[in-house]
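Written out below as structure tokens is the structure these notes cover.
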Protein chains: 2
Amino acid sequence: MLKLSTKGQYGVRAMFEIARGYPESPVTIKEISERQDVSVAYLEQILNKLRRAGLIRSVKGPGGGYLLTKDPGGVNIASILKELEGPVAITSCLDPEEGCARVEGCVTHLLWRSLGAKIEAFLETITLRDLLEKEPLLKDLDTDHKRYRFGVA
Amino acid sequence: MLKLSTKGQYGVRAMFEIARGYPESPVTIKEISERQDVSVAYLEQILNKLRRAGLIRSVKGPGGGYLLTKDPGGVNIASILKELEGPVAITSCLDPEEGCARVEGCVTHLLWRSLGAKIEAFLETITLRDLLEKEPLLKDLDTDHKRYRFGVA
DNA sequence: AAAATACCTTACTAATTTTGTCAAGTATTA
DNA sequence: TAATACTTGACAAAATTAGTAAGGTATTTT
Ligand code: FES
Ligand code: FES
């Protein structure tokens, strides 16, 4: 239930790789492909969307690749996912493009809206910087959950 | 992004209708169908799952229908959705049935797990009783958000 | 008994969405 | 001018969703 598509997942992971090159080293699609195990052709599609959204910019030619347009701390996960999967909309009733005639008098409408707002708020607090900082900690394995800012415990 | 299937949505709305009959008045599929605008055939599929899960029980024959097996306050939304859509699993890496070889060393894994845990915790706090109590308030329209326990504000 | 009510079960399918691939381009640098 | 690397749009297989359809079982009322 409530799955994220691979596009969204790969997108975040690709953004993480690009963030590692910030601010001066463009990261090529090929590098991302190898490190994150996603095909070059699929990444092209994903990165194009993110570039048009202004989250990254591209440098063509040899030595080129992709660069973040802002500091990793200024790029939150929600903004990445929104470009690739549209707004958080638990039900189509919530989708700005769709709507629903039953909204008034619907007992569940506020529930879904509230859940969506919570999800969005959470994803907005996590940035690429958080992922970058977490990376070295990952080598310490899963033994010390408290050190993770967004651990489950 | 993060959509709920119609099965889950209809399921919660159906459970709300059944809860209205608690503890003594069985609610028929036809009534649910008319009040919530979902086909009888589709509801049969949904209610069958919920019955097998033990959330509701059925009374056959004239005067029959469906009844909650517990107090509305004891039935949370997460338990309904889990039966109809499986566990919260933002990514397939999190799905108990699937798994992922990259888990260790994956910077996003904990992020998705944490999000999933938050969603689940939220849905576990909302029960059918909350929906029943909310119903009369809905007639006051959307003017007084603070009165709703799970308003967005 | 039999008619009416209402749930039960399985199978099937049309539509949609997801998850990509492919081919042919454009821009930049060495 | 050759090599590198991004750009774009079309296309398609696979999976999932969102149902429908048909026939069966159990219970109550007359
Ligand atoms: S059915 Fe659309 S708002 Fe509830
Ligand atoms: S890719 Fe599966 S855990 Fe990150």
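So that the names make sense, note that chain A is the first sequence line, chain B the second, and so on, each numbered from 1. Side chains are part of it too, since the values below use all heavy atoms of this structure and drop only hydrogens, waters and symmetry mates.
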Atom pair distance, as rounded to whole Å: CG in B/Leu43 and C1' in D/dG19: 11 Å
Of the listed nucleotides C/dC7, D/dA3, C/dT21, the one nearest the side chain of A/Pro62: D/dA3
Touch class at under 4.0 angstrom, heavy-atom based, for A/Lys7 against every strand present: base
Base D/dC6 to side chain A/Glu44, donor-acceptor N/O within 3.5 Å cut-off: no
DNA chain C: 5'-proximal contact among A/Tyr42 and A/Lys60 (nearest heavy atom): A/Tyr42
Protein-nucleotide distance (A/Lys49, atom NZ; C/dT18, atom C1'), rounded to Å: 12 Å
Value in whole Å for how far the P atom of C/dT17 lies from CD of A/Glu85: 13 Å
Under 4.0 angstrom between A/Asn48 side-chain N/O and D/dT8 OP1 or OP2: yes
Any A/Arg52 side-chain nitrogen or oxygen under 4.0 Å from OP1 or OP2 of D/dT8: yes
B/Thr6 side chain, from C-beta outward: closest of D/dT7, D/dA18, D/dA21: D/dA18
Salt bridge present between B/Lys82 and B/Glu124 (N-O < 4.0 angstrom): yes
Side-chain N or O of B/Ser58 closer than 4.0 Å to phosphate OP1/OP2 of C/dA6: no
Residue whose closest nucleotide on DNA chain D lies nearer the 5' end, A/Gln45 versus A/Gly65: A/Gly65
For atom CD1 of A/Ile46 and atom P of D/dT8, their distance in whole Å: 16 Å
Exam field: side chain A/Glu17 to backbone A/Val27, donor-acceptor pair closer than 3.5 Å: no
Sugar-phosphate, base or nothing in reach of B/Ile29, heavy atoms under 4.0 Å: sugar-phosphate
Distance test, side-chain N/O of B/Arg51 to OP1/OP2 of C/dC7, below 4.0 Å: no
Atom-pair distance (CD1 on A/Ile32; P on D/dA5), nearest Å: 12 Å
Main-chain N/O of A/Ile80 paired with A/Glu83 side-chain donor or acceptor, under 3.5 Å: no
Any donor-acceptor pair under 3.5 Å from A/Gln36 side chain to A/Ala14 backbone: no
Between C1' of C/dT17 and CG of A/Leu84, the distance in whole Å: 16 Å
Between C1' of D/dC6 and CZ of A/Arg57, the distance in whole Å: 14 Å
Between D/dT17 (P) and A/Lys3 (NZ): distance, integer Å: 7 Å
Any B/Tyr10 side-chain N or O less than 4.0 Å from OP1/OP2 of D/dT17: no
Comparing A/Leu4 and A/Val59 on DNA chain C - which has the more 5′ nearest nucleotide: A/Leu4
Sidechain-backbone polar pair: B/Asp130 side chain, B/Thr127 backbone, donor-acceptor under 3.5 Å: yes
C/dT5 OP1/OP2 closer than 4.0 Å to side-chain N/O of B/Thr28: no
Check against side-chain contact (heavy atoms from CB on, under 4.5 Å), B/Trp112 and A/Val12: CA-CA 11 Å; B/Trp112 306 135; A/Val12 173; 4.1 Å; yes
